[in-house]
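Only one structure is covered here, and it is reproduced in the block below.
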Amino acid sequence: MPETMLLDSICSPEDIKGLSYDDTAVLCSQIRERLISVTAKNGGHLASNLGVVELTVALHRVFDSPKDKIVFDVGHQCYTHKLLTGRGGEFASVRTEGGLSGFPKPTESVHDPVICGHSSTSISVACGLAKAKALSGEEGFVIAVIGDGALTGGLAYEGLNNAGRELKNFIVVLNDNKMSISKNVGAVARYLAVMRSKTSYVRFKNRLAKFSGSIPLVGKKLRGAMFRSKRALKNAIYKSTLFENMGFAYLGPVDGHNQKLLEQTLSLAKTLNRPVIIHACTHKGKGYPFAEKHPRVFHGVGGFDIETGEPKISGDSYSDVFGRTMCELAESDPKLCAVTAAMKAGTGLNDFSLKFNDRFFDCGIAEQHAVTFCGGLAAGGMNPVFAVYSSFIQRSYDQIIHDAAIAGLNVTIAVDRAGIVGEDGETHQGIFDCAMFNSVPGVSIYTPALFSELSEFTKRAVNESGVAVVRYPRGGECSLGDDFVPSFEAFDFIGEKGAQALLVTYGRISANAAKACELLREKGISCALLKLNRVRPIDPKCYEAAKASQLVYFFEEGILQGGICCSFSQGLHQHGFGGIYRVRAIDDTFVPQASVASSLASLGLSAEKMADAVETELKNGK
């Protein structure tokens, strides 16, 4: 078959099972070319996908999906899986509106057993799938593919604890690339490094098995006896392994880019009739020199130039401004500490980690631990700031309440990627954090729209007593017009009090609301903008300024239920407002992948949709 035809001829996993190893190598090369070309255009998770090409091909050659269930942890490394399971013709649409998701999605394919978007969940969900198979009498294996980065999350060990010794036909593939997004840290990373270095056992076992199998008549029995005694052999070399102590058979480490060895190891795991851990060592970014050299940069990328590796969009971001502000604060405050959960670069803390290394702490992908760790730092007299993405702080709700807020500890949480994030879709939209924090007594929430506001409110938050949150979006700065001068107060009132319509909002979409006011004024409708800079507690002066308007319309880039719009409504009516109060927020739904602009428009939060909503309401009110 001509090389250029091979990938395009793959319609299902069955199509790759009969390929020779030479053809399989060609297929892997073509997959990498497709991954690079599509990701360069659409953005996405490149380095992680390049690292698991051979591993994914091996999984689909050895196992029989969808009878055998393959669960990818996080799911950001599932692109090869999609190409091999009948979605190659649609792959150019990945991460675009209406196109393929960048993560596993059961509504796309029977080969995706569950939705995956967050870290450390695969073993637990695979454990449930395996138990469901056992209860229903179904045959087939369940395979969880988890990275060493995800193995820093506590949920992974909860899953291992429940799966070990009990489940049959249950396999965990540890994709060890020494990375999550940032370089892995902590005891787990050190442990796996030791495991990788102990190659003497693997070499000896392979040679012995090959020799024993070659002995006529008794070879098979001899090999079985040796396998039964392998624990003693391994204990002598490894001093046992964490995984074996939890009830798993341990196979590895194996070269995660050696197709034949991978398939042999996976095939062996199928014969053991017990939980198995396969430790596969891979190279994140393999096959694209820029990604191999800078796997962190190419973990999640926007569009880029294939020839140079340079991003198509550059410039300052809110994360950059936050990082610079943290460095400024640390210069004068020797108690200031920065904490992150494997997101040093993504949250803008690279420089801080270099300049103030003794006060920088990367907890790995362990947001619950990070919050409680911050509580301990604060209880010990330090001034901790936890920088975390909005969709990941959700994992720490109990710790925020129990380990920080109840005691009134001085913990600052910098919530990055707040609001709509775009192409990563439902699992990553930052639309729940305000409602979550809004329910916790004593928490302050700052919502800067501009870079200067982010810097100022971060400084204010770290000097505040109790839990203080500063939330800000992904990307570059929005604009409120050349004439706008931030007050850095709890709110800004822009326009004349007593206008027909008052638009109320906060954060990034304040820019859309300001533009909507311009559009309404052009139609002869008097309007003003109330821009909330601190949404909890809301300054009572806001209500006095707002209640003179005929219509108050609150626009929120967050979930309606429990959101700031609900708190504002209560306060406004308590202050004697007698006019019309309307809300436009994200009402009881998850937001699918699309560009930020498209998502905001579809949610009615673009400038044009805001203006239309206000105009319609005023007409109906008459």
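Every value quoted in this text rests on a predicted model; they were computed, and no experiment measured them. Nothing fancy with the numbering, it's 1 onward along the sequence.
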Can you tell me which residue among Pro113, Ser124, Cys127 is in a side-chain contact (heavy atoms from CB on, under 4.5 Å) with Val71? Pro113

His279 and Phe243 aromatic centres sub-6.0 Å: no

Pair Lys286 + Glu292, salt bridge at N-O below 4.0 Å: no

Taking the six-membered ring where the residue is Trp, are the ring centres of Phe103 and His76 under 6.0 Å apart? no

Any donor and acceptor pair, going by atom type alone, linking the side chain of Asp112 with main-chain N or O of Lys105 inside 3.5 Å? yes

For Phe141, does the six-membered ring have the charged nitrogen or CZ of Lys69 within the cation-pi criterion, i.e. under 6.0 angstrom from the centroid and within 45° of the normal? no

Could you check whether His45 and Tyr79 have their ring centres less than 6.0 Å apart? no

What orientation do Phe170 and Phe248 show, parallel under 30°, tilted 30 to 60°, or perpendicular over 60°? tilted

Taking Asp416 first and then Arg471, would you say they form a salt bridge - that is, a charged N and a carboxylate O separated by under 4.0 Å? no

Distance col, row Leu19:CG vs Ile10:CD1, nearest 0.5 angstrom, shows 5.5 Å

Centroid-to-centroid, Tyr288 to His294, below 6.0 Å? no

Indicate, with yes or no, if the rings of Phe386 and Phe373 have centres closer together than 6.0 Å. no

Is there a donor-acceptor contact under 3.5 Å from the side chain of Asp15 to the main chain of Ser12? yes

Just checking Lys17: does its NZ atom have more than 12 heavy atoms from other residues, nucleotides or ligands closer to it than 6.0 angstrom? yes

Yes or no on side-chain contact (heavy atoms from CB on, under 4.5 Å) for Ile420 and Ile431, after CA distance, side-chain angles and deciding distance? CA-CA 7 Å; Ile420 301 298; Ile431 61 176; 3.9 Å; yes

Salt bridge check, Glu54 against Lys260: does any charged N sit closer than 4.0 Å to a carboxylate O? no

Lys82 and Glu108 ion-paired at < 4.0 Å: yes

